[in-house]
Amino acid sequence: MPIQAPKGTRDILPEDINQWNFVEEEFSDICRRFGYNEIRIPVFEHTELFQRGVGDTTDIVQKEMYTFEDKAGRSITLRPEGTAGVVRSYIEHGMSSLPQPVKLFYQITAYRYENVQKGRYREFHQFGVELLGASDPAADVEVISILSLYFEKLGIKNLKLNLNSIGCPECRAEYNRLLKGFLSDIIVDMCDTCKTRYDRNPMRIIDCKEEHCKKQLVNAPALLDHICDDCSKHFDSVLQKLEAIGIPYAIDKNIVRGLDYYTRTVFEFVSENIGTQGTVCGGGRYDGLVEDCGGPPTPGIGFALGVERLLLEMESQGIKIPKQPAPDIYIGSIGEKAALASEKLAWQLRRNNIICIKDIMGRSVKAQMKYADKLGARYSLILGDTEIETNKARLKDMVNGETKDISLDTLIGRLIKNKASEWL
RNA sequence: GUGGGUAUAGCUCAGUUGGUUAGAGCGCCAGGUUGUGGCCCUGGAGGUCAUGGGUUCGAUUCCCAUUAUUCACCCCA
């Protein structure tokens with residue numbers, strides 16, 4: 001059997017590339033409008049970065065990383081997400097001494113060893129933003145509003161914004177004590193994962209999907225009801241500012257996020273029509289992450305958007321994406337002399353930004369015309385002995401079939417000076 | 001890691017109640033008078049019917065395994 005692309009990876013073919021170019025360019029555009037600059041980070045990092053940054057107790061680190069030893073025995077991991085790498089770069093390049101805040105965006109692939117399903121692949125694409133050095137609620141709102149504007153520009157409707165606050169380490173410690181108190185009697189009756197979480201990260205028990213566990217948790221205290229005053233004020237301010245600019249949201253007390261670094265505000269944009277993996281975008285604040293990774297205490301907030309899911313959503317909403325431009329002109333030729341002339345002509349046109357396709361197969365005129373038609377060329381022109389002798393060629397409009405004889409001396413000037421729609 | 005569906009040409013799919021040359025449409029290539037596309041007509045290329053075993057006189061068809069794919073669980077983008 002011929003070699004296939006590895007499980008969970010996909011080719012993005014020329015026929016689809018315009019969709020990708022379109023959403024990429026639009027994203028860069030919006031980010032720059034908010035003052036964010038692009039950063040590019042390595043595909044692989046030291047495994048330790050993700051263990052520390054993403055968190056040892058997370059599913060990502062425990063079972064989903066592509067980890068291998070390089071030839072010098074270093075443990076290397078393909079990035080399962082972008083934030084850890086960006087934060088590493090921020091620290092490594094001393095960005096804390098840049099004017100604050102530091103605003104970054106990126107467009108990356110990420111890798112997770114998971115079983116594939118709709119909207120989930122082993123190699124997938126993320127657009128992300130990281131805003132470092134700003135702790136004010138206005139920062140949270142800025143990051144969310146980037147997404148809001150982006151979706152608006154793409155014409156995506158009805159993505160639901162869900163918000164929660166999971167507090168700071170202090171109020172979370174307080175809450176974990178409270179939760180463990182609540183759970184102490186019933187934990188014996190819950191699933192194995194929950195039992196492990198009871199000691200390592202009790203908060204995530206709230207997120208358990210086991211029916212049996214869920215029933216026991218109905219009356220469990222919600223974190224949002226027990227965050228400290230500062231966190232509470234922060235969250236209220238975020239909500240107030242969102243309302244001020246008219247971004248609708250819903251509070252979802254169950255959003256916990258699967259990554260350990262989140263603090264305070266967490267959010268996601270969810271779709272209901274792209275399968276069960278409906279989270280198009282997830283993000284939140286991570287005020288302790290930079291310090292945990294060995295940098296100065298620095299607040300941060302960001303998000304990652306799943307591009308495959310974004311495209312699924314756009315498709316399900318029937319959003320049209322501009323096609324890549326068709327060739328302006330096809331230049332055919334018959335015979336050696338004409339082939340030489342067509343070489344020169346095509347070269348001149350291409351140097352002047354005209355999309356020009358020429359014959360390089362030496363085929364019959366009929367075959368060349370068919371080809372020009374399939375390419376969707378706006379005009380065609382065939383060179384042969386007659387054209388060389390008379391110094392004239394017939395320019396043909398491929399849309400309506402009209403033709404006009406044009407002197408070869410004036411042809412190039414005519415095509416360069418005028419818009420393609422005015423060539424005839 | 002777990003469970004279900006699927007696997008026939010580049011694509012979308014027929015088909016064989018197990019019988020020897022496996023089909024269509026689209027696409028691709030070439031022709032339909034000498035140098036002009038789109039419609040139409042003709043011809044051609046392209047498949048060890050996912051792979052490996054088993055049952056059988058005989059398997060693409062039945063059985064098993066493997067792999068891939070797809071959907072779902074867990075979890076996440």
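Just so it is clear: chains get the letters A, B, ... in the order the sequence lines come, proteins before strands, and each one is counted from 1.
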Looking for any heavy atom pair under 4.0 Å, which part of the strands does A/Ala372 touch: base, sugar-phosphate only, or nothing?
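Nothing, no heavy atom under 4.0 Å.
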
Considering every strand and a 4.0 Å limit on heavy-atom distances, what is the contact class for A/Val280: base, sugar-phosphate, or nothing?
sugar-phosphate

Who are the salt bridge (charged side-chain N to carboxylate O under 4.0 Å, His left out) partners of A/Arg88, not counting sequence neighbours?
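Only A/Glu45, A/Glu92 meet the salt bridge (charged side-chain N to carboxylate O under 4.0 Å, His left out) criterion with A/Arg88.
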
Can you tell me, in whole Å, how much space there is between the [atom1] of [N] and that of [M]?
| N | M | atom1 | answer |
| --- | --- | --- | --- |
| B/A7 | B/U60 | C1' | 12 Å |
| B/A77 | B/G3 | P | 27 Å |
| B/U12 | B/G47 | C1' | 16 Å |

Taking for each residue the nucleotide of RNA chain B bearing the nearest heavy atom, is the 5' side occupied by A/Gln126 or by A/Val116?
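Residue closer to the 5' terminus by nearest nucleotide: A/Val116.
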
Taking all non-hydrogen atoms of both residues, which atom of A/Asp359 and which atom of A/Gly332 are closest, and how far apart?
CB-CA, 4.3 Å

Out of B/C75, B/A72, B/C76, which nucleotide sits closest to the side chain of A/Glu64?
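Nearest nucleotide to the side chain: B/C75.
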
Whether each nucleotide of nucleotides 3-8 of chain B has a protein heavy atom under 4.0 Å at its base (B), only at its sugar-phosphate (S) or at neither (-) is summarised, 5' to 3', as ------

Can you confirm whether A/Ser184 sits close enough to A/Tyr198 that some side-chain heavy atom of one is under 4.5 Å from a side-chain heavy atom of the other?
yes

Short side-chain N/O contact to [N] OP1/OP2 from [X], under 4.0 Å:
| X | N | value |
| --- | --- | --- |
| A/Lys63 | B/C75 | no |
| A/Ser380 | B/G37 | no |
| A/Gln117 | B/A72 | yes |

Mind checking side-chain hydrogen bond (donor to acceptor under 3.5 Å, both in side chains) for A/Glu387 and listing every partner two or more places apart, or none if nothing turns up?
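A/Glu387: no side-chain hydrogen bond (donor to acceptor under 3.5 Å, both in side chains) contacts found.
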
Secondary structure of RNA chain B in dot-bracket form (Watson-Crick or G-U wobble, distances below 3.5 Å, | marking inter-strand pairs):
(((((((..((((.....[...)))).(((((.......))))).....(((((..]....))))))))))))....

Identify each atom pair where a protein N or O and an N or O of nucleotides 29-34 of chain B are less than 3.5 Å apart, giving names and distance.
residue: B/C29; atom: OP2; partner: A/Lys374; partner atom: NZ; Å: 3.1
residue: B/G32; atom: N7; partner: A/Lys366; partner atom: NZ; Å: 2.9
residue: B/G32; atom: O6; partner: A/Lys366; partner atom: NZ; Å: 3.3

Using the ring of each side chain (for Trp, its six-membered ring), is A/Tyr379 parallel, tilted or perpendicular to A/Trp423, with breaks at 30° and 60°?
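A/Tyr379 and A/Trp423: tilted rings.
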
Would A/His125 and A/Gln107 count as having a side-chain donor-acceptor pair, cut-off 3.5 Å?
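The answer is no; no qualifying pair exists.
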
Using atom CG of A/Asp385 as one end and atom P of B/G35 as the other, report the distance to the nearest whole Å.
11 Å

Taking A/Arg52 first and then A/Glu48, would you say they form a salt bridge - that is, a charged N and a carboxylate O separated by under 4.0 Å?
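The answer is yes: the pair qualifies as a salt bridge.
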
Quick check: any donor-acceptor pair below 3.5 Å linking the side-chain of A/Asp373 to the base of B/G37?
yes

Report yes or no: is there a donor-acceptor pair, N or O only, under 3.5 Å between the side chain of A/Glu387 and the base of B/G35?
yes

Residue of the set A/Arg378, A/Gln368, A/Lys396, A/Lys358 for which side-chain hydrogen bond (donor to acceptor under 3.5 Å, both in side chains) holds with A/Tyr330
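That would be A/Gln368.
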
To the nearest 0.5 Å, what is the distance between CG (A/Leu415) and CD (A/Gln348)?
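It is 11.5 Å, given to the nearest 0.5 Å.
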
How many angstroms lie between atom CZ of A/Arg309 and atom CZ of A/Phe124, to the nearest 0.5 angstrom?
8.0 Å

According to the ring-ring contact (aromatic ring centres under 6.0 Å, His included) rule, which pairs have a member within residues 274-293 of chain A, sequence neighbours left out?
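Found A/Tyr261-A/Tyr286.
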
